[in-house]
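All remarks here apply to the structure that follows.
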Amino acid sequence: MMIELKNIEKININDFQHDLISWFKAEQRDLPWRKDRDPYKVWVSEIMLQQTRVDTVIPYFNRFIDWFPTIDDLAEAEEDKVLKAWEGLGYYSRVRNLQSAVREVKEKYNGEVPNTPEVISTLKGVGPYTAGAILSIAYGIPEPAVDGNVMRVFSRILNIWEDIAKPSSRKVFEHAVREMISHEDPSAFNQALMELGALVCTPTSPSCLLCPVREHCQAFEEGVQAELPIKTKKNKTRDVQLAAVLLTDEEGRILIHKRPSDGLLANLWEFPNVEIQHPLHHEREKISELFEQELQIHLKLEKIIGQLEHVFSHLVWNIKIYNGELQSNIPEGSDWKLVTLDEIKDYAFPVPYQKMFKIYLEYSNRPDPNAAKA
DNA sequence: CATACGTGGGC
DNA sequence: TGCCCAAGTAT
């Protein structure tokens with residue numbers, strides 16, 4: 001902490017704020033969530049932007065605000081429709097937490113997004129970053145909003161060699177932001193830091209020659225900007241083998257299942273599937289048995305119509321895709337449904353099952369003898 | 001504190 | 001092809 005304080009003292013904070021904010025006001029991108037400061041829209045955008053690129057978020061944000069323009073609209077919406085609005089964005093608990101928090105705001109806070117760190121931080125899905133972002137952007141409150149961009153930018157500006165992958169590092173950067181933040185325009189200051197990280201002070205090969213705060217940058221002065229930030233991390237993924245089946249009944253309707261309300265892809269829809277513990281056990285009979293034991297459905301498997309791999313951040317799914325006929329009644333419970341090809345588009349499926357459905361459609365339209373191989 | 005939690009894009 | 005992400009949070 002002493003080192004950072006020392007480097008902060010090397011910077012003329014007023015000049016830094018001015019150079020940063022002037023650049024932001026001139027160069028900021030025209031983004032849909034920057035049209036106004038409606039705390040709800042700021043909130044939605046910040047949740048969507050977690051671990052997600054701006055270009056990906058834009059169309060989702062526009063549709064989401066179109067479907068749920070206000071806190072009331074989101075609070076009153078069916079969760080299935082909310083998940084449909086999020087379909088394909090990933091990290092689906094974000095939107096379930098968002099709806100839960102919005103309902104709490106409606107009920108406990110008279111529909112007003114809280115404007116203090118203490119209260120807003122109690123809302124589901126609102127962590128230290130999001131709290132600071134909403135407070136500063138929507139309410140002009142000088143709170144730090146430390147995300148990956150801010151840690152990268154400040155690592156370089158202040159020549160900080162703290163490992164930004166460590167959770168404990170965030171407080172170092174929060175401290176630095178508290179020392180540096182503009183109290184005149186905290187919103188522009190925080191957004192400028194993130195915008196700079198996105199456009200100029202990028203992870204690899206930062207564009208220092210275009211940087212509005214280059215003259216304040218300790219790492220640039222030392223010529224070490226390319227070495228920073230320090231970020232350790234090794235993601236090891238686990239492999240999971242699945243057999244999934246597209247089952248139709250005698251009327252051609254398709255059997256779908258709603259996933260459990262916690263864990264991976266919670267509350268999204270899927271096609272019936274089982275995990276294959278031993279990769280070689282893909283005999284028809286064994287697969288059928290597993291479906292009966294684990295899902296209580298009788299079926300006639302036809303053939304493997306395809307195969308796909310889907311990579312998550314922490315695991316890899318290898319899915320063998322079968323088609324087949326449902327030979328028992330649809331299981332009891334609202335988590336099973338038989339739907340037509342037209343109805344299926346109202347249900348939210350995670351990407352691996354969208355891929356699976358696409359493979360099925362291609363298979364049905366034009367049977368391909370080679371598809372049976374795999 | 002480490003791990004679970006998605007996805008599509010860049011090199 | 002494979003690895004690293006990108007405006008994090010919950011547990």
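Protein chains get the first letters and strands the later ones, always in sequence-line order, with residue 1 at the start of each. These numbers come from the heavy atoms of this one structure, side chains and all, not from hydrogens, waters or symmetry mates.
Of the candidate nucleotides B:dG8, B:dT7, B:dG6, B:dG6 has the atom lying nearest to any side-chain atom of A:Leu264. For A:Pro167, counting side-chain heavy atoms from C-beta on, the closest listed nucleotide (B:dA2, B:dC5, B:dT7) is B:dA2. Side chain of A:Arg53, nearest nucleotide from B:dT7, C:dG8, C:dA6: C:dA6. Comparing B:dC5, C:dG8, C:dT9 by their closest approach to the side chain of A:His314 singles out B:dC5. Checking B:dC5, B:dT7, C:dA6 against the side-chain heavy atoms of A:Tyr91 singles out B:dC5 as nearest.
Taking 3.5 Å as the limit, the base of B:dG6 and the side chain of A:Thr52 contain a donor-acceptor pair of atoms between them. Interface remark: the A:Thr56 side chain does not form any donor-acceptor pair with the B:dG8 base, using a distance-only criterion of under 3.5 Å.
Going from the P atom of B:dG6 to that of C:dT1 covers 26 Å, rounded to whole Å. Comparing the same atom, P, in C:dA6 and in B:dC5 gives a spacing of 23 Å after rounding to whole Å. The P atoms of B:dG8 and C:dT9 are separated by 22 Å, rounded to the nearest whole Å.
Residue A:Lys231 is in sugar-phosphate contact alone, with no base atom involved, counting any heavy-atom pair closer than 4.0 Å across all strands shown. Nucleic acid contact for A:Lys124: sugar-phosphate only, since backbone atoms but no base atoms lie under 4.0 Å from a heavy atom of the residue. Using a 4.0 Å heavy-atom criterion, one finds that A:Arg96 contacts no nucleic acid atom at all. At a threshold of 4.0 angstrom between heavy atoms, the contacts of A:Arg29 include nucleobase atoms, whether or not backbone atoms are also involved. Within 4.0 Å (heavy atoms only), A:Gly197 reaches no atom of the nucleic acid at all. At the heavy-atom level, A:Val311 lies under 4.0 Å from base atoms of the strands shown. Within the nucleic acid shown, A:Leu89 comes within 4.0 Å of at least one base atom, counting heavy atoms only. In this structure, A:Ser168 reaches the sugar-phosphate backbone alone: every heavy-atom distance under 4.0 Å involves primed, P, OP1 or OP2 atoms, never a base. Residue A:Val54 is in base contact, counting any heavy-atom pair closer than 4.0 Å across all strands shown.
An OP1 or OP2 oxygen of B:dT7 is reached within less than 4.0 angstrom by no side-chain nitrogen or oxygen of A:Tyr60. Contact check, A:Thr130 against C:dT9: a side-chain N or O comes under 4.0 Å of OP1 or OP2. Contact check, A:Ser93 against C:dA10: no side-chain N or O comes under 4.0 Å of OP1 or OP2.
Panel note: side chain A:Arg156, backbone A:Phe220; no donor-acceptor pair is recorded below 3.5 Å. A:Ser328 contributes a side-chain N or O that, together with a main-chain N or O of A:His298, makes up a donor-acceptor pair within less than 3.5 Å. Checked by atom type and distance alone, the side chain of A:Arg94 pairs as donor or acceptor with a backbone atom of A:Ile47 at under 3.5 Å.
Here the C1' atom of nucleotide B:dC5 and the CG atom of A:Leu268 are 12 Å apart, to the nearest Å. As a whole-Å value, the separation of A:Ile164 CD1 from B:dC1 P is 15 Å. Residue A:Trp86 contributes atom CH2, which lies 12 Å from atom P of B:dG6 at whole-angstrom precision. The separation between A:Trp43 atom CH2 and C:dT9 atom P is 13 Å, rounded to whole Å. Whole-Å rounding puts the A:Gln50 CD to B:dG6 P distance at 13 Å. Atom CZ of A:Phe312 and atom P of B:dT3 are 19 Å apart (whole Å). Atoms OH (A:Tyr92) and P (B:dG6) sit 7 Å apart, rounded to a whole Å. Atom CG in A:Asp262 sits about 20 Å away from atom P in B:dT3, given to the nearest Å.
Cation-pi geometry between A:Lys258 and A:Trp336 is not met at under 6.0 angstrom from the ring centre and within 45 degrees of the axis.
You'll find the ring centres of A:Trp86 and A:Tyr60 outside the 6.0 Å limit. Under the 6.0 Å cut-off for aromatic ring centres, A:Phe357 and A:Tyr353 do not qualify, their centroids lying 6.0 Å or more apart.
The residue among A:Arg238 and A:His310 whose nearest nucleotide of DNA chain B is located toward the 5' end is A:Arg238.
Side-chain polar atoms of A:Ser207 and A:Arg214 form no donor-acceptor pair below 3.5 angstrom.
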